[in-house]
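Letters A, B, ... are given to chains in the order of the sequence lines, protein chains preceding strands, and every chain is numbered from 1.
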Amino acid sequence: MNLDHLNLQQKEAVQNTDGPMMILAGAGSGKTRTLVTRITYLLEEKHVSPFQLLALTFSNKAAKEMRDRISRTVSCDAGALQVTTFHSFCARSLRNEAQYLGLSKNFTIYDTSEQKAVVKKILSRRGINIKEVSPFEVMYFIEDLKNHGHYPDRDISEKDYEVEKDDPFYDMYLEYERELHKANATDFGGLITAVIQLYELFPDVLKRYQERFKYLLVDEYQDTNRAQFDLVTKLAKLNKNICVVGDEDQSIYSWRGADIRNILDFESVYKDAQILKLEQNYRSSKNIIDAAGAVISRNTQRKGKDMWTDNPEGESIEIVECHNDKEEAQFVAEGMKELAAGGESYDEMAVFYRTNSQSRLLEDALRTANIPYRVIGGIKFYERKEIKDLLAYIRVVVNDKDSLAISRIINVPARGIGATTLRKVEEEAVKTESTLWEVIQRIVDNPEDFKHIRLTARVKSALSHFTQIILDAKQANENKDSQQDIFEKLLHESGYWEMLRAAKDYESEARMENLQELGTAITQFEEANEGTDLGGFLETITLDNSVVAEDEETANQGEVSLMTIHGSKGLEFHYVYLTGTEENVFPSYKSMEDGDTAIEEERRLFYVAMTRAMKRLYITFAQGRMLFGQLRFNGHSRFIQEIPNKYYMWRKLGGGTQANTSKDDWDDFADPDFDEGPVYSISTAPAPKTAFPKGSKVVHSLYGEGKILASEGPSGDERVTIMFKDGARKKFMAKFAPLTLI
DNA sequence: TCGACGATCGTTTTT
DNA sequence: CGATCGTCGA
């Protein structure tokens with residue numbers, strides 16, 4: 001097999017197929033090329049069966065890219081090859097092994113908003129006002145447990161995390177898990193932990209998987225959480241052929257559970273691991289690589305790589321100081337116009353920002369300048385109300401235990417089953433330990449048994465109508481009718497379509513279009529996946545929203561791309577504008593409150609942004625910016641400071657004149673070589689952590705003794721949430737409240 | 001049951 | 001500033 005297209009390290013990464021290996025692949029180092037070649041090598045040179053290979057990634061985007069490139073490279077049949085995300089691998093395993101964990105294989109996967117609904121229900125059941133405890137706090141608590149691989153009753157004596165089982169939230173977690181189980185449902189995190197549970201409780205099942213997958217590969221390793229690490233470690237235990245690929249400098253999802261220890265500790269877990277570094281960059285100019293390298297070298301939480309390149313030195317980075325945010329947007333638009341006039345294509349240009357809300361002004365400026373653009377990210381198709389409603393209908397058809405879905409659509413469109421009726425039915429369900437669906441059916445079949453809950457004839461007939469809609473669709477689904485037909489049937493028989501049509505307003509029309517698009521997506525899915533049913537469609541749509549998202553292939557025809565830096569990971573552009581590089585914006589004010597670890601993550605984000613640029617990089621900031629309805633003067637980002645000034649040109653805009661094209665102004669207050677760290681520190685003081693840390697006990701002169709549940713905001717100005725002995729939860733501004741630590 | 005009004009509070013987002 | 005959420009009144 002010809003490996004001439006690879007450099008030395010890449011070849012090693014391909015040929016050392018056995019035993020544990022970690023590849024630290026820097027930005028633009030030909031990572032995917034290497035991985036694909038490695039897989040090809042395993043199949044064609046080592047004659048490993050595609051059936052024995054498992055490649056896991058974090059995102060669908062990466063899985064898809066790898067799959068596409070493998071199918072173009074590998075000559076033998078790669079059909080049995082599993083290149084997939086952690087979540088869909090787990091979902092598939094769980095459907096196959098559902099009986100072990102008391103699920104049935106048509107289980108539903110709850111997304112964030114459904115999780116929130118469950119949490120809200122639990123809170124209200126306990127009489128806790130959501131102003132005292134935000135559902136998100138509880139969700140975060142639950143998520144955190146799952147990110148660490150926790151499940152109820154797990155033996156954690158040998159695990160590297162701790163669980164406070166007397167935390168009031170833990171009890172809510174248990175209730176949450178019971179609630180999901182009753183609904184034959186799980187959530188994203190639960191997919192992973194359920195498989196861990198499966199492996200831990202049923203060693204023979206684990207053994208089956210271990211024996212099957214002789215070679216494991218994990219891409220986007222820096223984004224994996226502890227649970228995923230646990231999962232892979234278990235799978236790899238028998239054959240030890242595990243190859244992980246990642247870049248600790250591009251780890252930007254730690255706030256979502258990604259654990260950098262997975263990289264930093266790999267060697268201590270796998271003592272004989274080979275560590276390879278891919279340090280040659282094929283993407284960017286030397287100037288950009290060196291500048292980015294200087295910035296990231298300030299991080300302490302890293303293995304350390306020295307990226308280098310054979311590419312030409314290229315142009316200086318341009319740092320552009322704008323008067324305000326509007327001028328910044330205008331500068332971007334004008335610059336792009338000029339580039340285009342010079343023959344450059346718009347799809348080689350991108351604008352990055354830290355937060356989605358910053359796209360507004362940029363969009364305005366581009367629109368005014370008649371520059372075609374597309375915004376990546378933003379509002380998701382599948383989060384739209386009408387889509388969620390119809391999906392809820394489908395969910396009930398697939399899994400009638402999904403009471404959450406029933407209560408969502410039982411009165412949408414309004415059919416006279418109001419809140420009171422729903423409450424009565426729910427109470428009845430709790431009393432008889434049944435699901436909502438069972439109770440509703442019983443009411444419809446034997447109304448005389450339900451005299452005690454006093455339903456009017458009208459309500460009863462409405463319930464009967466509702467069950468008929470669902471039963472018809474269930475029947476059709478069992479008959480293997482086409483999914484498209486079932487969808488159409490639900491859409492019309494439920495009265496949903498008619499409701500929108502009757503409304504005759506602009507918004508309803510848009511909703512109707514979206515529903516048609518959903519119909520198209522179902523048809524497409526059906527054509528692409530023979531032999532699946534509606535359940536298959538539901539799973540795909542929850543685990544991979546890109547099914548219906550704009551068809552990205554066709555979309556990018558000479559348009560400028562706008563996205564958050566998070567959204568830019570894995571992409572590259574000739575011309576990059578990195579905007580809003582101001583303190584409090586980037587790094588975000590939130591990260592500035594959270595201390596060094598958070599700042600290091602922001603720095604990685606800055607590094608990711610820089611290394612997307614191939615030819616030219618503009619870094620812009622505004623002296624003044626409208627933020628939260630107020631004009632703020634934040635000063636430029638500390639990260640600008642961290643770029644040695646030989647790599648950039650400083651430009652100050654103002655009154656339309658380009659007053660200064662040299663870096664002289666800058667030199668007045670910046671150290672020329674930045675050898676000794678930042679010269680002036682804009683940072684908040686080295687974060688003396690809050691005087692009221694989570695978990696500490698306090699006395700309030702009015703309410704008595706309590707425990708700190710949360711503390712947010714900078715020290716001296718923090719707001720604390722306290723749970724008092726009598727069970728009350730209250731929030732205070734710490735500096736005003738009569739609090740004493742004990 | 002819906003809509004009007006006011007209070008609140010502001011990252012990043014993938015699965 | 002502006003989106004979102006909850007409350008309250010008709």
Exercise. Side chain of A:S591: nearest nucleotide among B:dC2, B:dT11, B:dT15?
Worked result: B:dT11

Exercise. When all nucleic acid strands are considered with a 4.0 Å heavy-atom cut-off, which category describes A:T542: base, sugar-phosphate, or nothing?
Worked result: nothing

Exercise. Which nucleotide, in any strand shown, forms a Watson-Crick or G-U wobble pair with C:dG2, with both distances under 3.5 Å?
Worked result: B:dC9

Exercise. For A:F606 and B:dT11, what is the distance between atoms CZ and C1' respectively, to the nearest whole Å?
Worked result: 17 Å

Seminar exercise, completed: With the side chain defined as heavy atoms from C-beta on, A:N411 is closest, among C:dA3, B:dT1, B:dT15, to B:dT1

Exercise. Hey, does A:Y253 reach any base, or is it just sugar-phosphate, or nothing, if we go heavy atoms under 4.0 Å?
Worked result: sugar-phosphate

Exercise. Under 4.0 angstrom, heavy atoms only, what part of the nucleic acid is A:K120 near: base, sugar-phosphate, or nothing?
Worked result: sugar-phosphate

Exercise. Rounded to whole angstroms, how far apart are CD on A:Q358 and C1' on B:dT12?
Worked result: 11 Å

Exercise. If you check the A:T355 side chain, which of B:dG10, B:dT14, B:dT12 turns out closest?
Worked result: B:dT12

Exercise. Is the backbone N or O of A:V83 less than 3.5 Å from a side-chain atom of A:R67, with the two atoms forming a donor-acceptor pair by type?
Worked result: yes

Exercise. Between the side chains of A:Y176 and A:D187, is a donor N or O closer than 3.5 angstrom to an acceptor N or O?
Worked result: yes

Exercise. Any side-chain N or O of A:N356 under 4.0 Å from OP1/OP2 of B:dT11?
Worked result: no

For this session: Give a yes/no answer on whether the side chain of A:K116 brings an N or O atom under 4.0 Å of OP1 or OP2 in C:dT4.
Result: no

Problem set entry | Contact under 4.0 Å: A:R256 side-chain N or O vs B:dT11 OP1/OP2 | no

For this session: Assign each of A:F188 and A:E601 to its nearest nucleotide of DNA chain B by heavy atoms, then name whichever residue's nucleotide is nearer the 5' end.
Result: A:E601

Exercise. A:E65 has an atom CD; how far is it from atom P of B:dT14, in whole Å?
Worked result: 16 Å

For this session: Have a look at A:E602 and say if it touches a base, only the backbone sugar-phosphate, or nothing, with a 4.0 Å heavy-atom cut-off.
Result: base

Seminar exercise, completed: Closest of C:dG6, B:dT14, B:dG10 to the A:Y589 side chain is B:dG10

Problem set entry | N/O (side chain, A:N225) to phosphate O (OP1/OP2, B:dT14) under 4.0 Å | no

For this session: Could you point out which residue of A:V232, A:T57, A:V195 forms a side chain to side chain contact (heavy atoms under 4.5 Å, CB included) with A:F86?
Result: A:V232

Problem set entry | Pi stacking test for A:W255 and B:dT11: under 5.5 Å apart, planes under 30° | no

Exercise. Atom CZ of A:F628 to atom P of B:dG10: distance rounded to whole Å?
Worked result: 8 Å

For this session: Can you tell me the distance, in whole Å, between the CZ atom of A:R604 and the C1' atom of B:dT11?
Result: 15 Å

For this session: Please determine, by modelled atom types, if A:E386 and A:N514 share a side-chain donor-acceptor pair under 3.5 angstrom.
Result: yes

For this session: Check the distance between B:dT13's C1' and A:R354's CZ and give it to me in whole angstrom.
Result: 11 Å

Problem set entry | Pair A:S254, A:E601: side-chain N/O donor-acceptor within cut-off below 3.5 Å | yes

Problem set entry | Nearest to side-chain heavy atoms of A:D594, which nucleotide of B:dT12, B:dT11, B:dC2 | B:dT11

Exercise. Expressed in angstrom and rounded to an integer, what is the separation of A:F136 atom CZ from B:dG10 atom P?
Worked result: 11 Å

Exercise. Roughly how far apart, to the nearest Å, are C:dA3 and B:dT14 at atom C1'?
Worked result: 23 Å

Exercise. Does A:G418 or A:S88 map to a spot on DNA chain B nearer the 5' end, using the closest nucleotide for each?
Worked result: A:G418

Exercise. Base, sugar-phosphate, or nothing for A:N60, non-hydrogen atoms under 4.0 angstrom?
Worked result: sugar-phosphate

Exercise. Looking at A:T564, does any N or O in its side chain come under 4.0 Å of the phosphate oxygens OP1/OP2 on B:dT11?
Worked result: no

Exercise. Under 6.0 Å between the ring centres of A:F586 and A:F606?
Worked result: yes

Problem set entry | Between C:dC5 and B:dT12 - C1' atom distance, rounded Å | 22 Å

Problem set entry | Charged tip of A:R95 within 45° of A:F107 ring normal and under 6.0 Å | yes

Exercise. Can you tell me how far P of B:dT15 sits from NZ of A:K146, to the nearest Å?
Worked result: 18 Å

